[in-house]
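Reviewing the structure listed below.
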Amino acid sequence: MSEQSHMRSTRFRTEREADWRQLETLIEKTETKGVPSLSLEEAQQLAILYRKTATGLSVARDISMDRNLLVYLENLVARAFLAVYAPQESLSGVISRFFTASGPQAMRRSAGAIGLAFLAMTMGFFIAFALFGSDPAWFYTFIPADLAGERGPGASTEALRATLFQSEAQLAGQLGMFAAFLFSHNTRVALFAFALGVFACIPSFLLTLYNGLIIGAFAGLFAERDLGYELFGWLSIHGVTELSAIIIAAGGGFRMGFATLFPGEYSRKDALRIASRDAAKLAIIAAIMLLAAGLLEGFARQLIQNTEMRLLVGWSIGGLWLSWFLLAGRKAQ
Amino acid sequence: MSSTKMSAAQAARQQENKRRWFEVIPPEGVPVRFEIATLGARFTAQLADIGLTVGATLVLTFGLMLLAPALDEVVGVLVALLMLLIRAPYYIISELFWNGQTLGKRATKLRVIAADGRGLTTHGIVIRNLMKEVEVFMPGSLLIASSGLGWFWSAVLLLWIGIVLGVPLFNRQRSRIGDMLGNTIVVRVPRPVLLPDLADQSPTEAFIFSAEHLEHYGRFELETLETLLRRHPENETTPPDASIVAVASQIIKKIGYTEPVPDDQALAFLHAFYRAQRAFLENKQVYGDVRDDKHHNQKSDTTDV
């Protein structure tokens, strides 16, 4: 009984060890240099040896009690599996696919959620605008003091006008402005509106509504001083992009919220997972738009001091975004 | 075995039970087992990656400041901006092209894999790292600058941190929210070395074991013996140490082996016994008699009668 030729597990190992060693070298090569470094022959060999060794592992689990061998084989098969099923993407492929197809497609699939976010913001805008019209004291209810700065109902019309047409010419100032924008209130709102959407949409809805309230109160103040048109221009140049980004981020949040509220035939976890496919793309689009808005606010708004030009630039950029969302990736669908 | 040996064996077994496994069933149908990474190892990998990205950011910042001295005034802003532009792309690109490994994960032998038994998807990698921004870095950086927040945002922040920390602590696969959404799992992929087969040596006729001798132990004891013998190969020339002699005499007593075994033959005896025991257990297993440990007799008594 103790004679080695009678031991199945030992014979099993001697018959296959050369294959395992060869597989190990191939895996080593893919792990350090990547799958493209393999020749066609080697790649075929990798796939064949992986299948052989996987079958060997299931046999070894039944017949061998050599712990070292089992641990080795399990890991070898695991690493071979990972090498064989490694993602075969190129960076340019991923990026171009996102921009030409999957990004805008996700936008179109989420039209309802984005529409809801748009509704929340416009609702907020009109509520605050109307309330400010009846009593300017509402201004401080909606707008935190640090955000208002010198732009309050107490400020003179001239001071308000100056906030719309100030210019910072140096690079450092502009970069500071850009960054200040990025880490500002609105970015935080966009992030939270997206991330908190999971909790049944409610936080996203409230945040978007609140953002609408803030803009509404500002609009009320400037309109009262007959600066409504100028404010519109000032806001348009970056705001078309920026507010759309917030709305899109909130739309992504709503997609996740819908999944938690109405998972349908899936479990909540699976429903969330499915919704996250589109929601993640909305988040990336929102991030790209916020970056663009930051550039516009930091640089373009300082360069263009004319309201008509601001309107033109702002809304034509908005038009570009819209045509991207509506037109790109139609054929691939 | 002696009482201290027992407790060591028990400790080893407890350690073994603490490890969590995840089974992937690839299209080939043979299940592949992965050990789920511990939170400690993931934290270490994360620290290494943060160190790398922060280092890269600082180097870039100094480079830019040398090129444009006007940027001196806004150095803090510059760092924050570059950080944002480097961090998420670093994680996403490295995990995509190094098959689920960042440099930190590579150093700690961790790896992201898809939980569905297929390859990692771009979407899975992107979403788990986007969520990392939201789960880890955003609250982290807000926490550092938390003095400027109002009570409302502070409360939101605390709630969020609580959720984010709680999720990986209380689920079996130690998944972050990003792992759940991306359907990914972080596992440990070590590289064990295939050692020589202990049973693959010319048989010694010096020790003969009968079936009664081999009835006592099961797979667990066999593997424990294997671990010991891996440290003491059969051709070891140094005189056997006390633990080898102790283990040998313990086994001799337990199995009722009557032939005398001199101390300097203890190691040879253990190797011979290992071979015999393994052949015996493997043979039993092929015929469906699986013996997990030395308590196998009691189990079969209770179930058979």
Side-chain angles (χ1 to χ4, degrees), chain A residues 1-4 6-10 13-14 17 20 31 34 50-51 54-55 57-58 62-69 71-72 74-75 77-79 81-83 85-87 89 91 94 144 170-172 175-176 178-180 182-183 188 191-192 194-196 269 272-273 276-277 280 283-284, chain B residues 24 26 28 30 32-34 68 70-71 73-74 77-78 80-81 84 93 96-97 99-100 111 113 118-123 126-127 130 134 138 150 156 180-181 183 189-195 197-203 209 219 222-223 226 230 272 275-276 278-282 285-286:
Chain A
M1 174 122 322
S2 65
E3 214 179 311
Q4 63 147 352
H6 287 180
M7 272 182 76
R8 246 180 232 96
S9 61
T10 306
R13 173 173 168 164
T14 26
E17 198 172 327
W20 302 339
E31 279 178 355
Y50 160 61
R51 286 188 182 92
T55 319
L57 171 64
S58 67
D62 285 335
I63 66 160
S64 180
M65 295 234 175
D66 185 343
R67 187 183 157 85
N68 172 263
L69 173 84
V71 171
Y72 170 81
E74 287 218 7
N75 271 280
V77 171
R79 283 167 65 198
F81 158 71
L82 291 174
Y85 287 92
E89 297 275 13
L91 189 57
V94 170
Q170 309 118 336
L171 175 67
L175 194 70
F178 171 53
L182 266 191
F183 303 105
R188 211 180 292 162
L191 251 172
F192 277 111
F194 178 74
L196 298 179
K269 200 173 164 187
L272 266 177
R273 192 173 284 159
S276 78
R277 300 194 141 262
I284 295 172
Chain B
V24 166
E28 288 75 26
V30 179
V32 180
R33 244 172 28 133
F34 288 97
L71 292 174
E73 302 165 38
V74 284
V77 163
L78 201 61
L81 262 181
L84 204 71
I93 289 172
L96 194 56
F97 295 109
N99 198 5
R111 196 167 221 158
I113 63 166
R118 306 293 152 99
L120 268 176
T121 58
T122 313
H123 167 74
V126 168
I127 192 140
L130 281 187
V134 182
M138 192 193 62
V156 170
M180 292 176 177
L181 290 180
N183 207 10
V189 186
R191 295 184 184 184
V193 179
L194 183 59
L195 299 168
D197 194 344
L198 283 176
D200 188 20
Q201 288 169 25
S202 54
F209 298 95
R219 179 173 204 147
L222 183 76
E223 287 179 349
E226 180 190 336
R230 292 265 175 222
R275 279 194 286 274
R278 192 174 120 191
F280 181 79
L281 286 176
E282 283 177 357
Q285 174 160 301
V286 168

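Throughout, a chain's letter reflects where its sequence line sits, starting with A, and its residues are numbered from 1.
- Considering all non-hydrogen atoms of both residues, A:Ser9 and B:Arg278 come closest at OG-NH2, 2.8 Å.
- In this structure, B:Phe97 and A:Leu91 have side chains that are in contact, with non-hydrogen atoms separated by less than 4.5 Å.
- Only the side chain of B:Leu222 has a heavy atom closer than 4.5 Å to any heavy atom of chain A.
- Shown here for B:Arg33 and A:Ala78, the closest heavy-atom pair between the two residues is O-CB, 4.5 Å.
- Listed here is the closest heavy atom pair of B:Arg219 and A:Ser64: NH2-O, 3.4 Å.
- Contact record, A:Tyr85 with B:Glu28: OH-OE2, 2.9 Å, taken as the closest heavy-atom pair.
- A donor-acceptor contact shorter than 3.5 Å links the side chain of B:Glu226 to the backbone of A:Asn68.
- Each of B:Thr122, B:Thr121, B:Val189 has some count of heavy-atom pairs under 4.5 Å with chain A, and the biggest count is that of B:Thr122.
- Note that the CD1 atom of A:Ile63 and the CD atom of B:Gln285 stand 9.5 Å from one another [nearest 0.5 Å].
- Taking B:Leu195, B:Ile113, B:Leu120 one by one and counting their heavy-atom pairs under 4.5 Å with chain A, the maximum is reached by B:Leu195.
- With a threshold of 4.5 angstrom between heavy atoms, A:Arg67 approaches chain B through its backbone and through its side chain.
- With a threshold of 4.5 angstrom between heavy atoms, A:Glu31 approaches chain B through its backbone and through its side chain.
- The part of B:Leu130 that comes within reach of chain A is its side chain, from C-beta onward, which places non-hydrogen atoms under 4.5 angstrom from that chain.
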Problem set entry | Residue pair B:Glu282, A:Thr10: steps toward the side chain to side chain contact (heavy atoms under 4.5 Å, CB included) verdict | CA-CA 11 Å; B:Glu282 283 177 357; A:Thr10 306; 6.0 Å; no

For this session: With side chain to side chain contact (heavy atoms under 4.5 Å, CB included) as the test, would you mind laying out the steps for B:Asp197 and A:Leu69 before giving the verdict?
Result: CA-CA 8 Å; B:Asp197 194 344; A:Leu69 173 84; over 6 Å; no

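- The candidate from A:Ser58, A:Ala280, A:Pro87 with the greatest count of non-hydrogen atom pairs under 4.5 Å with chain B is A:Pro87.
- In terms of heavy-atom pairs under 4.5 Å with chain B, the best-connected choice from A:Leu82, A:Val77, A:Val94 is A:Leu82.
- Of all non-hydrogen atoms in A:Tyr72 and B:Pro192, the two that sit nearest each other are CD1-O, 3.5 Å.
- A pairwise comparison of heavy atoms in A:Arg273 and B:Leu181 identifies CG-O, 3.3 Å as the closest pair.
- In this structure, chain B has heavy atoms under 4.5 Å from both the backbone and the side chain of A:Arg277.
- Each of A:Asn75, A:Asp66, A:Thr55, A:Leu57 has some count of heavy-atom pairs under 4.5 Å with chain B, and the biggest count is that of A:Asp66.
- Only the side chain of A:Thr14 comes within contact range of chain B, with heavy atoms under 4.5 Å apart.
- With chain A as partner, the option from B:Leu194, B:Asn183, B:Val286, B:Ile93 having the largest number of non-hydrogen pairs under 4.5 angstrom is B:Leu194.
- In this structure, the portion of B:Val24 lying under 4.5 Å from any heavy atom of chain A is its side chain and not its backbone.
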